[in-house]
Each structure stands twice: as structure tokens, then as C-alpha cells.
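Report on one structure; see the data block that follows.
Since the structure is predicted, the reported quantities are computational estimates derived from the model, not experimental observations.
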Amino acid sequence: MASQDELKRMAAEKAVEFVNENEYIGIGTGSTVNLFIEALAKSGKKIKGAVSTSKGTSEMLARYEIPEVQMNEVSHLSLYVDGADEVNHSLQMIKGGGGAHLNEKIVASIADKFVCIADESKYVSRLGKFPLPVEVIPMARSMVSRKLVALGGQPELRMGFITFNGHQIVDVHDLNITLPVTLEDEINKIPGVVENGLFAHNAADVLVLGTQEGAKVITPN
Ligand code: 5RP
């Protein structure tokens, strides 16, 4: 039986097939993405450059000598590759377990195609078992948390964690996510919320899933 890490690697290696040479791509953050960067380097495919979403991803790009390009230098990307904490059958996701969902949403928004890479434990029929990360302006944290309680959630401050953009994260447990697009908008409308980890508007176009039966390429239902 393949381990979770082996399933992540399987998805990461398969996703390299979606990369076209000589183009700009966007790259998310996390352990699955790190395996993708490694697989891309080993494939020998040469891209023009990659927009990174975090310090960790930039370090991986440098280690594998993949050129990094800044978001402000490009107007569009052919591809965005990223992991997820949960992904449903419409390929809507919860992201932000690593606290990078703000940068990830920004970079994904200029890509033609979003390829999500994950092991099969992340593929769920309903989002919400994984607590939803909400990035907040520190002075608004308590007020935002009260509003999140009113939405039915149980907010918990991510202790000792500051995002790349200097904000805090509140992880919201027990949300009833029946309408992901509506909830994404509702949470983002609360003053003091910078961005939440629901990727419902910007769902993935393709999911490459590492499973015990091999890598599967899944499109939205
Ligand atoms: C970071 C993310 C990651 O994509 C998500 O946490 C999945 O990480 P991993 O590939 O390590 O399981 O959203 O903000």
C-alpha cells in the first residue's frame, strides 16, 4: 500500500504533463507542490519562469534552478499548480493549511488553467471537515471571530503564526459549507477579513489525484 507521501509524489509527477515549455506558470505552496517542483526539474522541461506564492516555494525554485518571475512582471500565466487541504467533486477547495492562500488566490487568478494536485485523502464529497483558514487584520480579529460564530463556525486563532503579508489566521471549525461560492463571498465581506481559504469562485479546472490505483486525472462534475 502506497503511503500518503508516495500518493502526493504520484500526483506531482503526473501534473508535469500539463506544463508546456517556454511559458510562465504559477506555483502554490506545500509539500505536494515541493514534490511537483522536484519532478518538473527532473523532467528537463524548461519554462520561462514561475511566479511563487511563498518563501518556501521560492527556495525550492532556487534549489532546482527554475527561474522565478515576480507577479508584477507578468499579466497572465498558462498554468497554475497547487495542492489543497480538501477538494470536492466540483473541484472547489479549502486551502490555506500552510497559510499561503492569499498569495495563492492572487496568483491563481491570472492563470488560464488551475491544476490541483493531491493525494486521495483530500478528495471529499463535501467541504468543511478541514477548518477553513481566514486571514485577518490583527486589530479586527475578535470582531471577525464573532461574525464567524454568527455564521455557525468555531473560530480558533492560529497561535504564533503571521502570514507573509503580516496578518493573522483564524481557523474556522464546524462550518456548514453547503454553498461554497456564497460562503466565500459572505466571509470576505466582513471588514477586517483579508481573504479566506475557500476557492469556490476560482475552483480548479483539473484535479490530479494520487490513488492506490495510480494517478487519476479528474475534471469537475
Ligand atoms: C498552503 C495550501 C496547501 O496547498 C495545502 O495546505 C496543502 O498542502 P500539502 O500539499 O502540504 O498537503 O493551501 O496554503
Side-chain angles (χ1 to χ4, degrees), residues 8 11-12 14-20 23-37 39-40 47-58 60-61 66-119 122-124 127 130 132-135 163-165 167 169 177 180-185 187-188 193-209 217-221:
K8 286 182 180 187
K14 179 79 180 163
V16 173
E17 291 175 18
F18 288 88
V19 177
N20 293 322
E23 287 183 350
Y24 291 114
I25 70 171
I27 303 190
T29 292
S31 56
T32 320
V33 155
N34 288 346
L35 294 168
F36 168 76
I37 293 171
L40 177 60
I47 56 165
K48 254 191 191 161
V51 178
S52 166
T53 52
S54 65
K55 197 163 166 272
T57 294
S58 296
M60 284 295 287
L61 291 171
I66 295 173
E68 182 176 344
V69 63
Q70 299 305 310
M71 175 79 185
N72 283 323
E73 294 172 47
V74 291
S75 57
H76 110 276
L77 303 167
S78 60
L79 179 69
Y80 178 75
V81 179
D82 201 354
D85 298 302
E86 279 183 349
V87 49
N88 70 13
H89 296 190
S90 303
L91 306 193
Q92 297 165 320
M93 295 160 281
I94 287 184
K95 293 185 44 52
H101 59 277
L102 170 60
N103 286 6
E104 292 170 343
K105 214 176 261 196
I106 292 169
V107 178
S109 75
I110 61 159
D112 293 339
K113 181 179 273 195
F114 187 141
V115 174
C116 176
I117 50 177
D119 69 87
K122 309 283 185 72
Y123 193 42
V124 298
L127 298 173
F130 192 92
L132 180 68
V134 178
E135 184 159 344
T163 68
F164 310 108
N165 298 297
H167 308 128
I169 290 196
I177 310 184
V181 170
T182 311
L183 188 63
E184 182 178 354
D185 287 340
I187 294 176
N188 279 350
V193 168
V194 183
E195 190 54 81
N196 73 81
L198 262 175
F199 281 57
H201 281 289
N202 206 342
D205 300 292
V206 176
L207 168 63
V208 183
L209 200 65
V217 175
I218 295 168
T219 46
N221 278 349

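Of all non-hydrogen atoms in Asp112 and Ser78, the two that sit nearest each other are CB-O, 3.5 Å. Of all heavy-atom pairs spanning Val33 and Gly28, the tightest one is CG1-O, 3.4 Å. In terms of heavy atoms, Phe164 sits closest to Gly99 at CE1-O, 4.1 Å. Thr32 and Ala12 get closest at one heavy-atom pair: O-CB, 3.8 Å. Residues Ala84 and Cys116 share a closest heavy-atom pair of CB-SG, 3.7 Å. Across all non-hydrogen atoms, the minimal contact from Ser90 to Ala203 is O-CB, 4.0 Å.
In this structure, the side chains of Phe199 and Glu184 stay at 4.5 Å or more apart for every pair of heavy atoms. Side-chain contact check for Glu23 versus Leu79: every heavy-atom pair is 4.5 Å or farther apart. Looking at heavy atoms from C-beta onward, Asn196 lies in side-chain contact with Asn188 at the 4.5 angstrom threshold. You'll find the side chain of Val208 reaches within 4.5 Å of the side chain of Val115, heavy atoms only. Under the 4.5 Å side-chain criterion, counting only non-hydrogen atoms from C-beta, Val124 is not in contact with Phe130. Side-chain contact between Met71 and Asn103: absent, with no pair of heavy atoms (C-beta onward) separated by less than 4.5 Å. Residues Met93 and Asp85 have side chains not in contact (no heavy-atom distance under 4.5 Å, counting atoms from C-beta outward). Ser109 places a side-chain heavy atom less than 4.5 Å from the side chain of Asn202.
Aromatic ring centroids of His76 and Tyr24 lie 6.0 Å or more apart.
Considering NZ of Lys95 and CG of Leu132, their distance stands at 12.0 Å, rounded to 0.5 Å. Atom CG in Leu61 sits 7.5 Å away from atom CD1 in Ile47 (nearest 0.5 Å). Between the CG atom of Asn88 and the NZ atom of Lys122 there is a distance of 14.5 Å, given to the nearest 0.5 Å. Note that the NZ atom of Lys8 and the OG atom of Ser31 stand 3.0 Å from one another [nearest 0.5 Å]. Ile117 CD1 to Phe18 CZ: the interatomic distance, rounded to the nearest 0.5 Å, is 11.0 Å. Atom NZ of Lys14 and atom CG of Leu209 lie 12.5 Å apart (nearest 0.5 Å).
A donor-acceptor contact closer than 3.5 angstrom is absent between the side chains of Thr57 and Ser52.
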**OP:** May I have the step-by-step check of side-chain contact (heavy atoms from CB on, under 4.5 Å) for Asn165 and Val194, ending in yes or no?
**Re:** CA-CA 10 Å; Asn165 298 297; Val194 183; over 6 Å; no
Subject >> Val81/Leu40 under side-chain contact (heavy atoms from CB on, under 4.5 Å): CA gap, chis, key distance, verdict >> reply: CA-CA 11 Å; Val81 179; Leu40 177 60; over 6 Å; no
Subject >> CA sep, side-chain torsions, deciding dist, call: Ile94, Leu198, side-chain contact (heavy atoms from CB on, under 4.5 Å) >> reply: CA-CA 5 Å; Ile94 287 184; Leu198 262 175; 4.2 Å; yes
Original post:
Ile110 and Ser75: side-chain contact (heavy atoms from CB on, under 4.5 Å), yes or no, with the steps?
Top reply: CA-CA 7 Å; Ile110 61 159; Ser75 57; over 6 Å; no
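Using a 4.0 Å cut-off between charged side-chain N and carboxylate O, Lys105 and Glu135 make no salt bridge.
The only option from Asp82, Ile27, Leu102, Thr29 that meets the side-chain contact (heavy atoms from CB on, under 4.5 Å) definition with Thr53 turns out to be Thr29.
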